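A short worksheet on the structure shown next.
A quick note: this is a predicted structure, and the numbers were derived from the prediction, not measured. Letters go in sequence order (proteins before strands), and every chain restarts at 1.
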Number of protein chains: 2
Amino acid sequence: MTATTIKDIAKLARVSHTTVSRALNDSPLINRETKHRIREIADRLNYSPNLSAKSLVLDRSYNIGLFFSTLTSGTSSTFFFETVRGAHRAIPPDYNLVIKGIDDYPDFGKITNKSFDGIILMSQSADDQRFIDAVTTKHIPLVLLNRSVDDGMLLNILADDEQGAYSAAQYLARLGHRKIAIIEGRPGFQSAARRKNGFAKAMQEHEIPLNPDFCVAGNYDVQSGYDAMRRLLGLAERPTAVFCSNDDMAFGAMKACMEAGLKVPEHISLVGFDDNHFSAYLTPALTTVRRPIELISSEGASRLIQAIGRKETIAETILLGAELVIRQSAAAPYKSVDIMEEAHE
Amino acid sequence: MTATTIKDIAKLARVSHTTVSRALNDSPLINRETKHRIREIADRLNYSPNLSAKSLVLDRSYNIGLFFSTLTSGTSSTFFFETVRGAHRAIPPDYNLVIKGIDDYPDFGKITNKSFDGIILMSQSADDQRFIDAVTTKHIPLVLLNRSVDDGMLLNILADDEQGAYSAAQYLARLGHRKIAIIEGRPGFQSAARRKNGFAKAMQEHEIPLNPDFCVAGNYDVQSGYDAMRRLLGLAERPTAVFCSNDDMAFGAMKACMEAGLKVPEHISLVGFDDNHFSAYLTPALTTVRRPIELISSEGASRLIQAIGRKETIAETILLGAELVIRQSAAAPYKSVDIMEEAHE
DNA sequence: CATATTTCTGCACACGTTAACAGTCCATTG
DNA sequence: CAATGGACTGTTAACGTGTGCAGAAATATG
């Protein structure tokens, strides 16, 4: 009934448990034939080592913590799924991928180098800094995804949000838009700031002044995109194009447009960010920016595994390119088309 | 540098490590003042118990495995997210929620009652049976979500798919539709079969014969919904309403309709299943069936925790109601409206 | 043949915790 | 005053592994 241990195997093989341990770990000290014999017995008994005992003596937990700022809200499901999947893919099967929210912990005392061999933090808020400090002072290997902290001591991996937003905004400008609005991301999230920066940079290069009325708040929720769009449509002078800081908000925005009787992209152009699972299947299909979340996550996980093996920490910031995906939700502005047509005639 | 242990505390408090252990576990054997003194020292040293050592002696891993059939494909992100979130919510913070795919394991030898205190299986395929057998023969507490196995020994928790599909199909019939098609779920998935059953039952009650041309295959992907719809639209006699076995496929189907110049719900009615995060924000908003995934998962997790505590297994099948959410993607059929209008005049 | 060397195996302990059992001390009882 | 019992605390072993060191056996070396 109780699980078989190396001692059971030792008895059957008439050797000491030490020899069994060595044989199963393929130590060069053990005779080939003895190894063979022991392994066969182990197989026969369906032996599987007790991880707790191993952990205790080897000082490794075989746990990799995948932490999110919170699991209760503010995370989109596609984002979550891709992150988990990326990490899962890169982690050897003998490790446990443990999902946690930072807000599970009243304090970080219980997080020790015994409980996690390494931690992947999918960081979504500047509030995570306390957590980062706690983890680094305990010398637990850490990779930080999605946000950069130029601590000089951390491995950061993130999408180039600024460049991504820049290409999206530039695309709108090149289509001929001059009245371009932005629905911003959740306040306090670094990604929100970076995307706005990229947007602003493109505006500046095209010599389009940043109209404060055209910069409306959002929080990455579908609903907030809907609300923000209604505010924009209530303006005396409406924008002809809107850059939404993520796809969820673009969904909401599109809904608001349709309710107002506006056709996308004929009357108003929309661009999103993230390339959600569903974005290609909207009508019109959403032009957006693809952020390689799964790649970020898997890259982070495999670097973490490496760092654990080598017992060294690497400090570096890696930006993975975000790529504009052109579909149907953005087109040349109404007016501009008229003007061009008139010019042709 | 090395973490503090109860022995360190013992030295400082001039007691034996046993006393420390008892004090920290709030044993009634220890004097109040002694407890106090010891706890203060423990706090001061930021003591946190070594979980591996605890696990070894208590024979509990503090790991709860959350298994999916696979993590690489075939799982929708909202489904995944809600499942994880539900389990996470119900599990005490000192447990680790470990995410695994069944297909991570070439064989199940490494899954022992030492590695998991309990297992939650979000089962999506009949192929999971081998896994279920392996887990139960090892006497690891198990709850089975989303599928039922009337093994007599298992706790099953799932949505009442049949009833849900039945209400959706009945709704379409009551709207006046007679030419109703179904886009089916992934072959081999029990949910696919149950939904089709519910659909068929409603058809039967309304004395609508099941037209084989109107039963088209899908696999729960957006793309498969799109493809299936195109097949339906290519039929000589088109359906006036389509029940899609999940929302993802409904998305694809809606896209196909629009491309064909058909308006939803004016020309064709669509109903989905799952109530995805985005379904309410489609245009038209999708009428669908809400399946309480997060509730299923959290209910399963808390029952599992209970079972682990009491060291007993409960065998039961719990069906949680799936509820029709009426929005805008289904309406009375074209023809029927005309007929009714003529009758009124 | 004696000694040195290589090859293999076992003893004993360690990891950090819990728990059965055995004391110790003090107060209460007869 | 001895005996009994209650309230604590300590001794010791155990959980299942891995590892330094010592030792045995086999082989090579002189």
*Are OP1 or OP2 of dG18(D) and a side-chain N or O of Lys54(A) less than 4.0 angstrom apart?*
yes
*Hey, is the side chain of Asn25(B) poking within less than 4.0 Å of OP1 or OP2 on dT18(C), counting only N and O atoms?*
yes
_Distance below 4.0 Å between Tyr47(A) side-chain N/O and dG16(D) OP1 or OP2_ = no
*Are OP1 or OP2 of dG10(C) and a side-chain N or O of Thr19(A) less than 4.0 angstrom apart?*
yes
*Can you tell me if the side-chain N/O atoms of Ser55(A) get under 4.0 Å from OP1 or OP2 in dT17(D)?*
no
*Is the backbone of Ser52(A) close enough, under 3.5 Å, to the side chain of Asn50(A) for a donor and an acceptor to pair up by distance?*
yes
*Side-chain N or O of Ser16(B) less than 4.0 angstrom from OP1 or OP2 on dG10(D)?*
yes
_Counting only side-chain nitrogens and oxygens, does Asn31(A) get under 4.0 Å of the OP1 or OP2 atom of dC8(C)?_
yes
*Parallel, tilted or perpendicular: which fits the ring planes of Phe79(A) and Phe68(A), with parallel below 30° and perpendicular above 60°?*
perpendicular
_Can you tell me whether the side chain of Thr18(A) and the base of dC11(C) have a donor-acceptor pair closer than 3.5 Å?_
yes
*Between dG18(D) and Ser21(A), is there an OP1 or OP2 to side-chain N/O distance shorter than 4.0 Å?*
yes
*Thr137(A) side chain to Asp133(A) backbone, donor-acceptor under 3.5 Å*: yes
